[in-house]
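Encoded as structure tokens, the structure appears first; notes follow it.
We number each residue from 1, following the sequence as shown.
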Amino acid sequence: MSEIIFNKSNKLDEITDSPIVRMEGIKEAAALFGLPKHLVRTLALEGKVKAARVSNSPNSKILVNIQSLNDYFENAVISNEEQADTSGGIQPIPVRL
């Protein structure tokens, strides 16, 4: 009888095209990629990476697809508009009175 052994490793090189999808919590995914938790959570909630909630509660745990997160950063490109917008300096803040 064959056994499936899951070896939890923090190496991105070991992400393969396995039929088993690797899902991690926000904290674990952020640590794996060296990113802030807030960024990973935002990418998941905006639908930029594949993710799933564990239950219907709004405060439930979010699991992130590690391959999807890897693909997101592998294909990320800074557009010309974003490069031109880095003028710096003082920007006005809109005020509601």
Side-chain angles (χ1 to χ4, degrees):
M1 188 173 270
S2 64
E3 291 182 29
I4 298 175
I5 300 174
F6 293 118
N7 184 8
K8 192 168 186 174
S9 174
N10 287 341
K11 294 182 181 178
L12 292 176
D13 299 338
E14 296 180 7
I15 299 174
T16 61
D17 294 330
S18 171
I20 299 174
V21 178
R22 181 173 175 191
M23 303 291 282
E24 296 284 347
I26 298 287
K27 182 178 178 181
E28 295 83 7
L32 183 64
F33 284 85
L35 299 169
K37 294 182 283 188
H38 178 74
L39 175 62
V40 176
R41 182 180 296 108
T42 301
L43 291 173
L45 293 176
E46 289 178 352
K48 293 182 179 178
V49 297
K50 295 178 183 177
R53 285 197 184 272
V54 176
S55 72
N56 293 335
S57 170
N59 295 329
S60 64
K61 186 170 181 131
I62 297 173
L63 297 178
V64 177
N65 182 318
I66 297 300
Q67 185 62 46
S68 174
L69 190 59
N70 187 48
D71 292 344
Y72 176 81
F73 286 109
E74 190 172 284
N75 299 322
V77 177
I78 298 176
S79 69
N80 290 339
E81 293 173 3
E82 289 175 317
Q83 289 175 350
D85 192 33
T86 59
S87 60
I90 298 173
Q91 300 292 324
I93 300 173
V95 177
R96 284 171 58 183
L97 299 174

**Study point:** Validation row: Leu32, Arg22 side chains within 4.5 angstrom (heavy atoms)
**Key:** yes

Review point. Atom NZ in Lys27, atom NZ in Lys61: separation rounded to 0.5 Å?
Key: 9.0 Å

Check your understanding: Quick one: side chain to side chain donor-acceptor pair (under 3.5 Å) pairs with a partner in residues 51-60, sequence neighbours left out?
Key -> none

**Study point:** Glu24 side chain near Ile66 side chain, heavy-atom distance below 4.5 Å
**Key:** yes

**Study point:** Residue pair Ile62 / Ala51: nearest heavy atoms and the distance that separates them
**Key:** CG2-CB, 4.0 Å

Check your understanding: Val49 versus Asn65: any side-chain heavy-atom pair under 4.5 Å?
Key -> no

For residues 33-44, tabulate all N or O donor-acceptor pairs below 3.5 Å that involve a side-chain atom, not counting sequence neighbours.
unit_1: Thr42; atom_1: OG1; unit_2: His38; atom_2: O; d: 2.8

